[in-house]
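Remarks on the structure that follows.
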Number of protein chains: 2
Amino acid sequence: MWRGMVTGISMRKPTIQDVAREAGVGVGTVSRVLNNHSAVRGATRDTVLKAIADLDYTPNPHARRIAGGKSYTISVLLPVVTTEFYVRLLDGLETAFQEARYDVAIFPLLDRSRLERYLGSHTLAYQADGLVMATYNLTQMFNEHRLRTQQPTVLVDAYAEGVDCAFMDNVTGGKLAGEYAATLPGTLHAIWVETELDQLFTTRVFEDRRAGFLKAVAGAGREVKSEHTSSFDPLAARNSACTLLDEVAAGGGFPCTVFASADLLAGALLDEVRARGLTPGQDVRIIGFDDQPWAAARGLTTLHQPVENMGYEAAQLLLSRLGGHRGPARARRFEPKLMVRDTA
Amino acid sequence: MWRGMVTGISMRKPTIQDVAREAGVGVGTVSRVLNNHSAVRGATRDTVLKAIADLDYTPNPHARRIAGGKSYTISVLLPVVTTEFYVRLLDGLETAFQEARYDVAIFPLLDRSRLERYLGSHTLAYQADGLVMATYNLTQMFNEHRLRTQQPTVLVDAYAEGVDCAFMDNVTGGKLAGEYAATLPGTLHAIWVETELDQLFTTRVFEDRRAGFLKAVAGAGREVKSEHTSSFDPLAARNSACTLLDEVAAGGGFPCTVFASADLLAGALLDEVRARGLTPGQDVRIIGFDDQPWAAARGLTTLHQPVENMGYEAAQLLLSRLGGHRGPARARRFEPKLMVRDTA
DNA sequence: GCGCCACATGGAACGGGTTCCATTACGGCT
DNA sequence: AGCCGTAATGGAACCCGTTCCATGTGGCGC
């Protein structure tokens, strides 16, 4: 039920017929304008656009779907929607799909059973025209699903042969941190996140950051004095910060430089450094990773990941397939960027 | 594009026409069977259902929407989707709506700007046939939205005059905790969660639990020796546990009974009790609140909230409005249930 | 046996887009 | 001026359920 905004009088929601009549053209022309099927004269297009604006017309998405025989919907499968990373990823994805007049349906599937329920379900899986999967390793079930549905698919934050992918180059990220750290005075240290091994997700992130970091440091002729680990949780992060600082104090003392491979770790370290009356960026130089929203405010030197951009480009890969593009699988690699601020 | 499962040969997805032909009836009859419009003879219904099964037919939701002139979609607005509480709430909501052949669109809107963007948006807001709002306080904007769209609305985990509501009775929850705690030996203590005052959300939860608890304890002729607060975060919870235990040790000593008004607090307390070599359920009796998934495993005595049930009933309230029910706003109250386990 | 009514059923019209074919308009060429 | 080809355009047919009206059926009462 639609009601006119101004008058409050009940009136039908305008249809493409109304627009066509208002603009003095045929419905086909209006449809062509809406979908950018370019065979429309400029003047005609303007008339139509004016009529659309005048009537405050919005095309009915359901009618479009049934007429077009497509759902104009993309399924996005990801572990959770509330972390910084996925919020930004969705931002990029949604921007791109919106431009192309596709809807996005988001499925937060945190465990294998939910993922498999999705992949096995007719109703859900057949509904979409395309599939975006973030951070998942490809299971056997996925391959069956893909074969069955023939759905164009793109992987984000993951890599596999034979599928379009967009992923962050964490090795380069670690390398950038390492190269910069090698130029700083004092002993070198690192804290890594130890991820519980879940086959379901791509968990090479921290291994990659580590590989890049160690290689770069070694390449600069320096050595890493100590490496620590922590789980991804504030309490554990604070503990590992304590351990590290105790060790440095007991050893050669300050200054030192620490690559904290996630901003969560870097933040906890920063807290502990301050709590001990030490000066960040002087006694203890800290390089984080992620560029969380608070990082700039707290002056944290860290690696910024172009996550929105990655999402946008992933969507483009999928859209090109939906537009009929054939050819071998493509992979897009994205590089983090070092943001030098106060802490290092 | 739909492909037959068995043969792999490309074939059209079956339509209601196909079903009608297969069953030897008219399309109207098939539609009536699908929608339980009861004026169908039992035998005919069976024939139709068999045809549906044989053809593996699923109705096209988009066609249904455009033909029915409704979206058959309910918008669910909530702060986040990943916490235990909302996962369970959604479970109940989705069960009920699925039974009624309604789809659910979930909008996690954590801040005011996003909520207002939703409420102000034509496209989003008009799309749905009904609205479920969880945990939000009603803003001016909501009232305008409701007036404009005339959408049936139900509030969950919140209460307001003039709107259908379903909410958890935290006062009774606190009362149950208090009554039980009053029967236990030793001094009585409590830890409350201090919520930052956000006008956007209903944050009376802990006030209500406190009111119920204090009243019940007083009613049993006992007194609360000390009350503590903590923010909702593991680190702070652990700290407040330390403070409390220190205080008890310095005072009359053990045993004592603690009502930790959220399982997060109770868990941290349990950790600290164990860390100090004390025996939970003996030296320190702990009553939590929430019945998190791990609570049973760790033997935590706590209050279980029938959250799924609340979601289900909230959906029923909305569905009855969608079915044309008139009449004054109704409120459904749900009571937590005490789960006595090892810790108290 | 006849008339009625309630119930059951078939199917046309409809809803709002997309697609495609037939038609028109127009610029360019002889 | 006359002809042609192409770009632009109108609109019918179509997509797939729902709804509603007209038709058909059976049972019941007299």
Side-chain angles (χ1 to χ4, degrees), chain A residues 1-2 11-49 51-52 55-73 101-103 123 126-127 129 322 324, chain B residues 1-2 11-48 51-52 55 57-73 101-103 123 126-127 129 322 324:
Chain A
M1 193 57 64
W2 191 86
M11 52 191 288
R12 234 179 67 268
K13 190 173 177 190
T15 73
I16 201 171
Q17 307 282 346
D18 300 323
V19 176
R21 199 176 320 115
E22 175 84 9
V25 300
V27 290
T29 303
V30 177
S31 178
R32 270 170 298 236
V33 168
L34 286 172
N35 296 288
N36 288 318
H37 288 198
S38 49
V40 179
R41 208 158 39 107
T44 315
R45 147 176 265 98
D46 292 342
T47 321
V48 172
L49 289 176
I52 288 173
L55 295 177
D56 192 21
Y57 163 78
T58 37
N60 180 323
H62 307 308
R64 181 163 187 255
R65 288 190 250 260
I66 131 100
K70 290 189 266 182
S71 71
Y72 297 96
T73 300
R101 294 186 73 201
Y102 274 81
D103 278 350
T123 15
Y126 279 105
Q127 212 102 256
D129 293 337
L322 290 169
Chain B
M1 193 58 63
W2 192 86
M11 52 191 288
R12 233 179 67 268
K13 192 174 175 191
T15 73
I16 202 172
Q17 305 283 348
D18 300 323
V19 176
R21 201 176 318 116
E22 175 84 9
V25 301
V27 290
T29 304
V30 178
S31 178
R32 262 160 267 164
V33 169
L34 286 172
N35 295 290
N36 288 317
H37 287 199
S38 48
V40 178
R41 209 158 40 106
T44 315
R45 150 176 263 96
D46 292 342
T47 321
V48 171
I52 288 174
L55 295 177
Y57 164 77
T58 37
N60 180 324
H62 306 307
R64 182 163 186 256
R65 288 190 249 261
I66 131 102
K70 290 188 265 182
S71 71
Y72 297 97
T73 301
R101 294 185 71 200
Y102 274 82
D103 279 350
T123 17
Y126 279 104
Q127 210 102 258
D129 294 336
L322 290 169

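In what follows, chains are A, B, ... by sequence order, proteins preceding strands, each numbered from 1.
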Separation of atom [atom1] in [X] from atom [atom2] in [N], rounded to whole Å:
X       : N      : atom1 : atom2 : result
B:Arg21 : D:dC16 : CZ    : C1'   : 13 Å
A:Ile66 : D:dC16 : CD1   : P     : 6 Å
B:Asn36 : D:dT18 : CG    : P     : 12 Å
B:His62 : D:dG17 : NE2   : C1'   : 13 Å
B:Asn35 : D:dC16 : CG    : P     : 18 Å
B:Arg65 : C:dG16 : CZ    : C1'   : 15 Å
B:Gln17 : D:dC16 : CD    : P     : 9 Å
B:Leu34 : D:dC16 : CG    : C1'   : 12 Å

*Quick one: is D:dC16 close enough that its OP1 or OP2 comes under 4.0 Å of any side-chain N or O from B:Tyr57?*
no
*Using a cut-off of less than 4.0 Å, is there contact between a side-chain N or O of B:Thr29 and OP1 or OP2 of C:dG10?*
yes
Compare the minimum distances between each of [options] and the side chain of [X], then state the nucleotide with the smallest one.
X       : options                : value
A:Asn60 : C:dT18, D:dA8, C:dG16  : C:dG16
A:Arg64 : D:dT18, D:dT9, C:dG17  : C:dG17
B:Ala67 : D:dT18, C:dG17, D:dA8  : D:dT18
A:Thr44 : C:dG16, D:dG17, D:dT9  : D:dT9
A:Ile16 : D:dG17, C:dA12, C:dG17 : C:dG17
A:Val27 : C:dT18, D:dA8, C:dG15  : C:dT18
B:Arg41 : C:dA8, D:dT9, C:dT18   : C:dA8

*asked:* Would you call the rings of B:His62 and A:His62 parallel, tilted or perpendicular, taking 30° and 60° as the class edges?
replied: parallel
Regarding [X], tell me which of base, sugar-phosphate or nothing describes its non-hydrogen contacts under 4.0 Å with the strands shown.
X       : result
A:Arg32 : base
A:Val30 : nothing
B:Thr15 : sugar-phosphate
B:Tyr72 : nothing
B:Gly24 : sugar-phosphate

_Whether the A:Asn60 and B:Arg65 side chains hold a donor-acceptor pair (N or O, under 3.5 Å, no angle test) is what I'd like checked._
no
*Output the distance between atom NZ (B:Lys13) and atom CG (B:Asp18), rounded to the nearest 0.5 Å.*
11.5 Å
*Going from CG on B:Leu34 to CZ on B:Arg101, what distance comes out if it is rounded to the nearest 0.5 angstrom?*
5.5 Å
*asked:* If you assign B:Ala63 and B:Gly28 each to the DNA chain D nucleotide with the nearest heavy atom, which residue ends up on the more 5' nucleotide?
replied: B:Ala63
*Step by step, work out the side-chain hydrogen bond (donor to acceptor under 3.5 Å, both in side chains) result for A:Asp129 and A:Ser71.*
CA-CA 6 Å; A:Asp129 293 337; A:Ser71 71; 3.2 Å; yes
*Could you pick out which residue, A:Pro59 or B:Arg45, lies toward the 5' side of DNA chain C when each is mapped onto its nearest nucleotide?*
B:Arg45
_Are A:Thr44 and A:Val33 packed together at the side-chain level, in the sense that at least one heavy-atom pair is separated by less than 4.5 angstrom?_
no
